[in-house]
Structures are given as structure tokens and as C-alpha cells.
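Predicted model, so just to flag it, every value in this text is computed and none were measured.
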Amino acid sequence: MMPETRIMKIFAPVLLATTCLLMSSGILKAEVAGNGNTVPVLGAALPENEDPQQNHTYKDYINKVLAYSDFVIRVQGDAGVYYNDNIYRVRSGETDDIVSYVMPRIRGKSQWERHELGFDLSTELGVFASESENNYTDFDARVFGRYDFSDTMSGDLWGRYRYEHSSVGEDPDQPDTTLKEPPTYDYFELGGALRGLLAPLYHWDLTLKSLFYDYDNTMRRDGARSVYDDKDRDEHSVLATLAYDIAPQSQVFVRGGGTLIRYDKRVDSTLLYDHDADGTLALLGYRRDTAAAFWSLAVGYQYQDYEAPEFKDVSMLAVQGEAELQLTPSTALSLDLNRTIRESSSTGVSSYIQSRGEATLEHTFNTDWSASAGARYTINDFQSNTTLSGTDRKDKIFEPELAAHYQINDLARVSFEYKYADRSSNNNAVEYDANVVGLRLSLRP
């Protein structure tokens, strides 16, 4: 293949996506006055040879609908290209590649004084220059709404569907580096919440949520089949929170709930063991929210009881923490801390305890230039029955990243990004490190 042809193959999706996104931005940027308000116009103008009266009627109708609904729709997107020096996440014998991607997104949200209705649709398409078996298409669709019963009580409903891939060797539970193509899965989420006031200083909320996972089997490069059906499951949870305002900007709260985990299919060796489980969670926390800083920290107890005696039950210290700090007018710091239980389908493993800390520092130099630096450190401690699996595995993943951003105009930004990942483990087979360098164009009309 000629070098010019390969270059066009790599950058063609990026150029196409950029053109489409810029056109979309131009369409949504057009505005007209209606009922005294400025509202976005959806759709391009009619052709010049259309009847002027029909053109006026069309615009007037759209205007009235939007002004009545007060519904704002925005088209956004990202497009870029990056180089990855270890796409299969192997310990040695790395394969590198150049990947181009597009990520269009459309969002809509009501601007009503009471109640709320909205949606969020996005997709991501990735194309590998050489290893085309790794090409992927992800999709994410979410709808949500809020109903205000009174000034002191409201309810939320939401639903979500995702079709996603997990890159070869990426799955923290089963990092299989021998796959021919990335494994994929369907994810459904249904949820509802009620929140309100018990008294002027007491706040409460109750959340119900159901998650549904459906994984697809895939093939290895040696022609054998890699089974993922034993990861299919439903998770149903209830979580209640009671908070008390101890000061105008400070709260203490207690949070508790339970989870039911039910697996759909057991295949191969997993036919012998029932993986269903019940879980409980109890937390005590403190939250503070001021103009310069927000932070919240909750600590408590989490327990997961597995029905099969072959699987190890898990009890642990649970942590949920987050912070947003405005250090200076041009510098912001965000922190996240979490310790929880994740499901596993590895042989002889009930679950793994995931402890994760993350920090991101963002600084704005002027109206054109900004930069960010961050790092995430994760420990995955697998709860193994060593008589079944033979391995008591613990992974440690270090992921720093740097980015420089240039603001082209009010709508567009270009970013230079660098990411590094290093996974060390007492199981040498899952260790790897990788460098990723890329350029990204972001459009935010």
C-alpha cells in the first residue's frame, strides 16, 4: 500500500466527521426571535426557490413549537487520531497501531420552571489503520425526567441502553490478550428516585435501580471460542439517604441499601457453581458545599454474600469520596476516591475489591490556552478460592495523563493528549504497559 493511501485511510474518518460536525454546528447556531425569546432553530433554511409564504409558515410553526416547549437541543462531538504502542495489552511482543475515531453526540433538555425532560444520544466509531479486526462501534442512549410534586418533593425516572466494546486485554476481570476481536455487550439500566424534605433541616432520598448485562461470545486468534455468557446478569438495588443540615453549607448523612445479583447463564466449568449473591451497604458521611469548594466523604461497611459455598463472601471497608476545589481563579482540582465490590466471572473468583483514587488538575493560561494533568491509581484485589483457581490475584494499575488545549473559537477546541497505563500483578500473564499519544478536535456549540 502506498504511504499516501494509508495516510488517507487513517485521516479520512476524522476529516469526514469534522465536516459533519461543523455543518451541524452551523445549523444549530441559527436563531430567530419568537414570543420575545431567542430559541434555536432545528433544520436548515428552505431552498431559495420555495414559496416565500410557505417558508414563513414553516419557520413560524417551528418557532411556536420550540417557544412553547422551551426545549433546547445541542449537537456536539469529538474527532481525533491517536497512536497506541501496545493495542493488545500484552507483557511483551507489543503490536502498535494508529486509530482514528469520531464521537458525535446530540442532547436535549427542557428549560421548564417545574419538571424536566431530556435525552442524550451518542456514538463512537473507531478505525484501526492496520489491525482492522479491532474496529468498533459503540452506542449510548439515555432518557430522563423529573416531576415536581411540590416545593419539597420531586421524583426522577431514567432509562439507558449501551452497546459497548471492551478492548482486547482491557477487561479488568478477564484480560484475555489472545482474542481475535474485542468482546461486546449490551447494557440496560432502569431507575427511579424520590427525594424531599422531612423538616426544614432534614433531607431524604430513595433510589431504585436495575442493571442488565448481556455479553457476546467472541473468537480467539487461534480459532477457539472465548465464552463471555457466564458474565450475563441482573443487578437490582435500593439505596436510601437521610441528611441533616448542621450549617448552611454543611451536611451529615447516613446511607444504606441492598443489592440482589442474579446470573442468567452458567457455562463450561461455571455450571458447577451458582454465582448469585446478596449485598448490603451502610455509610456515614459529611458533605460541604461552598462557592470555592465542594467535597463529600462517606465511610462504612459493605458485605456481599454468595449463595454457593465455593465462592468467597466479601466484607470490607467501603469508601465514597469526591471533591471539586477552585484553588485560584484559573486553577481547579478535582478528586475522587472509591472502594467497592465488583463482580468477577474468572474461575474460582467470586468478586474483586476495587480501591481507586483519582486526581485532575486544570489550569487556564489565557483565553486561548489551557492544560490539564491527572492520574488514577487502582488496586483490584480478587477474592479467590485458590483450590478452584490456583491463583490469588491482585492487580495494580497506574494511569497518568497530560493534555494541552487550544481554543480555536467559541465552538471548537483542539487538544494534544498523552496517556500512559501500567498494570502490575502477582499474575505475570496480565501485566502490561502502554503509551498513547493523540490529537482531538472537540466541538461544543
- Report, as yes or no, whether the 6.0 Å neighbourhood of atom CG on D222 holds more than 12 heavy atoms from other residues, nucleotides or ligands.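 Above 12, so yes.
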- Message: Taking atom CG as the centre, does D151 end up with more than 12 heavy-atom neighbours from other residues, nucleotides or ligands that are less than 6.0 angstrom away?
- Response: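 Open.
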- Query: For the residue pair H275 and Y263, does the interplanar ring angle fall in the parallel (under 30°), tilted (30 to 60°) or perpendicular (over 60°) class?
  - Reply: parallel
- Plane angle bin for Y101 and Y82 - parallel if under 30°, tilted between 30 and 60°, otherwise perpendicular: tilted
Note: [X]-[Y] ion pair, threshold 4.0 Å (strictly below):
X: K394; Y: D392; answer: no
X: E116; Y: K109; answer: yes
X: R233; Y: E343; answer: no
X: R444; Y: D78; answer: yes

- Go through V99 and V436 one step at a time and tell me if the side chain to side chain contact (heavy atoms under 4.5 Å, CB included) criterion holds. CA-CA 10 Å; V99 186; V436 177; over 6 Å; no
Quick one: [atom1] on [X] to [atom2] on [Y], what's the gap to the nearest 0.5 Å?
X: D276; Y: E307; atom1: CG; atom2: CD; result: 5.0 Å
X: D433; Y: N86; atom1: CG; atom2: CG; result: 6.5 Å
X: D120; Y: R105; atom1: CG; atom2: CZ; result: 4.0 Å
X: E431; Y: S424; atom1: CD; atom2: OG; result: 6.0 Å

- Ignoring hydrogens and geometry, is there a side-chain-to-backbone donor-acceptor pair from S346 to D173 under 3.5 Å?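 Yes; judged by distance alone, with no hydrogens or angles, the pair exists.
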- Task: Can you tell me which residue pairs pass the ring pair (Phe, Tyr, Trp, His ring centres under 6.0 Å) test with a partner in residues 410-443, sequence neighbours excluded?
- Result: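 As it turns out, there is no ring pair (Phe, Tyr, Trp, His ring centres under 6.0 Å) pair with a partner in residues 410-443 once direct neighbours are skipped.
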Distance-only polar pair, side chains of [X] and [Y], donor-acceptor under 3.5 Å:
X: D245; Y: Q251; value: yes
X: D216; Y: T184; value: yes
X: N217; Y: D229; value: yes

- Considering residues at least two apart in sequence or located in another chain, which fulfil the ring pair (Phe, Tyr, Trp, His ring centres under 6.0 Å) criterion with F149?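 Listed in chain order: Y147.
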- Query: For Y213, which residues count as a ring pair (Phe, Tyr, Trp, His ring centres under 6.0 Å) partner, sequence neighbours excluded?
  - Reply: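 Only Y187 meet the ring pair (Phe, Tyr, Trp, His ring centres under 6.0 Å) criterion with Y213.
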- Task: Start with the C-alpha distance between L197 and M153, add both sets of side-chain angles, then the distance that settles side chain to side chain contact (heavy atoms under 4.5 Å, CB included), and finish with yes or no.
- Result: CA-CA 7 Å; L197 291 175; M153 184 176 177; over 6 Å; no
- Given Y163, Y215, Y228, the one that forms ring-ring contact (aromatic ring centres under 6.0 Å, His included) with Y185: Y215
- Answer yes if the ring centres of W112 and F71 are under 6.0 angstrom apart, and no otherwise.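 No; F71 has its ring centre 6.0 Å or more from that of W112.
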- Q383: which of K312, R393, Q304 passes side chain to side chain contact (heavy atoms under 4.5 Å, CB included):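 Of K312, R393, Q304, side chain to side chain contact (heavy atoms under 4.5 Å, CB included) with Q383 is met by K312 alone.
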- Item | Test side chain to side chain contact (heavy atoms under 4.5 Å, CB included) applied to H165 and D138, T218, N135, the passing residue |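 For H165, the side chain to side chain contact (heavy atoms under 4.5 Å, CB included) check succeeds only for D138.
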- Start with the C-alpha distance between Y136 and E181, add both sets of side-chain angles, then the distance that settles side chain to side chain donor-acceptor pair (under 3.5 Å), and finish with yes or no. CA-CA 9 Å; Y136 63 88; E181 57 187 12; over 6 Å; no
- Message: Using side chain to side chain donor-acceptor pair (under 3.5 Å), reason through D381 and S355 one step at a time and then give a plain yes or no.
- Response: CA-CA 8 Å; D381 187 2; S355 305; over 6 Å; no
- Task: Give the C-alpha distance, both sets of side-chain angles, the deciding distance and a yes or no for side chain to side chain donor-acceptor pair (under 3.5 Å) between R195 and S154.
- Result: CA-CA 6 Å; R195 56 181 54 87; S154 64; 4.5 Å; no
- Query: In a check of side chain to side chain donor-acceptor pair (under 3.5 Å) between R356 and each of N380, T378, D336, which one passes?
  - Reply: T378
